[in-house]
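The structure appears right after this line, and notes come after that.
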Number of protein chains: 2
Amino acid sequence: MNVKATLFVKTDCRDCPIRHRAVCSRSTADELEILDRMKTYRTYEAGQTIIWAGDQVQFLGSVVSGVATLSQTMEDGRRQMVGMLLPSDFVGRPGRESAPFDVVAATEVTLCRFQKSAFERLMVQSPAISRRLLEMTLDELDSAREWMLLLGRKTAREKIASLLSIIARRDASLHLQPISGNVEFDLPLSREAMADYLGLTLETVSRQVSALKREGIIELQGKRHINIIDFATLLNETGDDTDGGIWT
Amino acid sequence: MNVKATLFVKTDCRDCPIRHRAVCSRSTADELEILDRMKTYRTYEAGQTIIWAGDQVQFLGSVVSGVATLSQTMEDGRRQMVGMLLPSDFVGRPGRESAPFDVVAATEVTLCRFQKSAFERLMVQSPAISRRLLEMTLDELDSAREWMLLLGRKTAREKIASLLSIIARRDASLHLQPISGNVEFDLPLSREAMADYLGLTLETVSRQVSALKREGIIELQGKRHINIIDFATLLNETGDDTDGGIWT
DNA sequence: CCGGGGATTTGATCTCGATCAAGGTGAAAA
DNA sequence: TTTTCACCTTGATCGAGATCAAATCCCCGG
């Protein structure tokens, strides 16, 4: 833990997000140097597709700012979001030719990117990177499986409450703030994107948000700014057990 | 590929499944030796819970025979299966204290187990193991995300057709047979387990299976033995694009 | 061969969320 | 300022799948 902190401070990669730094955290200074020199930034505007499912992708990287979505679409247009990428999340698959899902910028998004081939070469030299990526991928897998419970078994109201509490939590952890009582944040997703994430229609999302507002559990300022009156009360609506589980 | 095949033959671990062998496939003979000496077998009867969510688990391993399920349950009893473990699938998380989900034997299950601490020590020495586990975990993550599309957006009939085609495919690949035309296999899951996997009730599962039978797309022998009359016809009912996608 | 009990099927009815259809809102362009 | 357009809300109705309630099947022990 101390080692991690030390390396965290040592790295020059100051403008890169926490989790990307964490990827490098057990590497040597040399390796950090190499990663650092490889990196480039690119910004995508809201609504832009960053990666199409099936594309050959030449880079890996992580989200510096903004929110991107991972989703898939059936031929008839039904769409399901399968993940949300927030600052510090890793993007891309080492060792894979083509992307399995669409990556779309929900807000303006800046990525810190590495050339895929160079990163993969570095992975072979530095086993710590593979171990760290394994750890991160296991976390993502657990999150995906938690989401399967939501999609398969939760009611519309529970789905909305769960989504709001997750976004609130991730937003708070981004600003390194504790979470309790009153919580405020901007929704990075449109009603339609929320529907795609939750396996609902946008009308149902709108109705459930209105219901939570009517019942005084949340307040809205505009369409996108949410004020959770009391976080614990919202949690009661999620259907989850009280302790909060694995979502961060 | 040749290297893999060679090592495949070299290892003494003959009774262990394909994918577990794959974990070792890029390791040295020494490392294989160590893994081989560590391994023990254990058999669980159908219905038995192998791991409870939250348990401290002291082993890792892979499924040798039988089918196990990964699932989570809400306090009020709603249950969602989040994965199915077939022969060759890896069980357990290196580097994790406690299990995130229940693992239950759907049929009689035999596991090949390694002591977790010993395996983790081996992982540090042999970077290839981490890389291989990362690859496998990425596959699982993609599968989980495909399943999210099913849970969030597919109709009951599409869900049933998808499940049958996945089980048929995995069963065929287990016996190293190609899949096309007429396909026969035993369902390893009860109607209730199928419902838990698909986010449906057992009555809906039963009705949809009956409908597929009535329409001549499948035949039943007993409750559990399925005969898919023409695999391509069943695929048409899944809602997936024609090429089959990532499911193996 | 017979009875018991879990697993499955089938039927009747209900309900939550989808669908169809107008409106409202607010920020940016004209 | 007015227009416009994308986004969101609200209302009315519908229908797929849930729920409640019996049968029926079948495997197993006696």
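Residue numbers start from 1 in every chain, and the chains themselves are labelled A, B, ... in the order their sequence lines are given, proteins ahead of strands.
If you check C/dT10, D/dT10, D/dG17 against the side chain of B/Thr155, the one that comes closest is D/dG17. Among C/dT8, C/dT19, D/dT9, the nucleotide with an atom closest to any side-chain atom of A/Thr201 is C/dT19.
Rounded to whole Å, the distance from CG on B/Leu220 to P on D/dC26 is 11 Å. B/Arg214 places its CZ atom 11 Å from the C1' atom of C/dT9, with the value rounded to the nearest Å. In this structure, NZ of B/Lys223 is placed 11 Å from C1' of C/dT10, rounded to the nearest angstrom. Atom CG in A/Leu151 sits roughly 13 Å away from atom P in C/dG17 (whole-Å rounding). Going from atom CD of A/Gln208 over to atom C1' of D/dT9 covers 13 Å, rounded to whole Å. Nucleotide D/dA18 holds its P atom 16 Å from the CZ atom of B/Arg79, rounded to whole Å. In this structure, the CG atom of B/Leu200 is 11 Å from the C1' atom of D/dA16, given to the nearest Å. Rounded to a whole Å, the NE2 atom of B/His225 is 14 Å from the P atom of D/dC27.
Residue A/Arg191 places no side-chain atom within donor-acceptor reach of the base of C/dT25, judged by atom type and a 3.5 Å distance cut-off alone. With hydrogens and angles left out, the side chain of A/Arg224 and the base of C/dT25 share no donor-acceptor pair within 3.5 Å. Side-chain N/O atoms of B/Glu203 and base N/O atoms of D/dC20 include a donor-acceptor pair closer than 3.5 Å. Judged by distance alone, with hydrogens and angles left aside, B/Arg157 brings no side-chain donor or acceptor close enough to the base of D/dG17 to form a pair under 3.5 Å.
Contact annotation: A/Thr204 does not reach the phosphate of C/dG17 (side-chain N/O to OP1 or OP2, under 4.0 Å). For the OP1/OP2 pair of D/dT10 and a distance below 4.0 Å, the side-chain nitrogens and oxygens of A/Ser206 include no atom meeting the criterion.
Both B/Ser190 and B/Arg207 sit near DNA chain C, but only B/Ser190 has its closest nucleotide nearer the 5' end. Nearest-nucleotide assignment on DNA chain D puts the 5′-proximal partner with A/Ser210, out of A/Ser210 and B/Gly199. Nearer to the 5' terminus of DNA chain D, by closest-nucleotide assignment, is the contact made by A/Leu202 (compared with the other of A/Leu202 and A/Arg153).
A donor-acceptor pair under 3.5 Å is formed between the side chain of A/Lys116 and the backbone N or O of A/Arg96. Here the side chain of B/Ser162 pairs a donor or acceptor atom with the backbone of B/Glu158 at under 3.5 angstrom. B/Gln80 contributes no side-chain N or O that, together with a main-chain N or O of B/Ser71, makes up a donor-acceptor pair within less than 3.5 Å.
Counting all heavy atoms, side chain and backbone alike, B/Lys159 lies closest to B/Gly199 at NZ-O, 3.7 Å. Between A/Leu164 and A/Phe185 the shortest heavy-atom distance is O-CZ, 3.8 Å.
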Please tabulate, for the side chains in residues 50-57 of chain B, all donor-acceptor contacts under 3.5 angstrom to protein atoms that are two or more places apart in sequence or on a different chain.
residue	atom	partner	partner atom	Å
B/Asp55	OD2	B/Trp52	N	3.2
B/Gln56	NE2	B/Glu97	OE1	3.1

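Residue A/Arg79 qualifies as open at atom CZ: its count of foreign heavy atoms under 6.0 Å is 12 or below.
The existence of a salt bridge linking B/Arg93 and A/Asp139 is excluded, since no basic side-chain nitrogen approaches an acidic carboxylate oxygen closer than 4.0 Å.
Two end axes, each from the C1' atoms of five base pairs, can be drawn for the helix from C/dC1-D/dG30 to C/dA30-D/dT1; they diverge by 30°, to 10 degrees.
As judged by a 4.0 angstrom heavy-atom cut-off over every strand, B/Gly47 is placed among residues making no nucleic acid contact.
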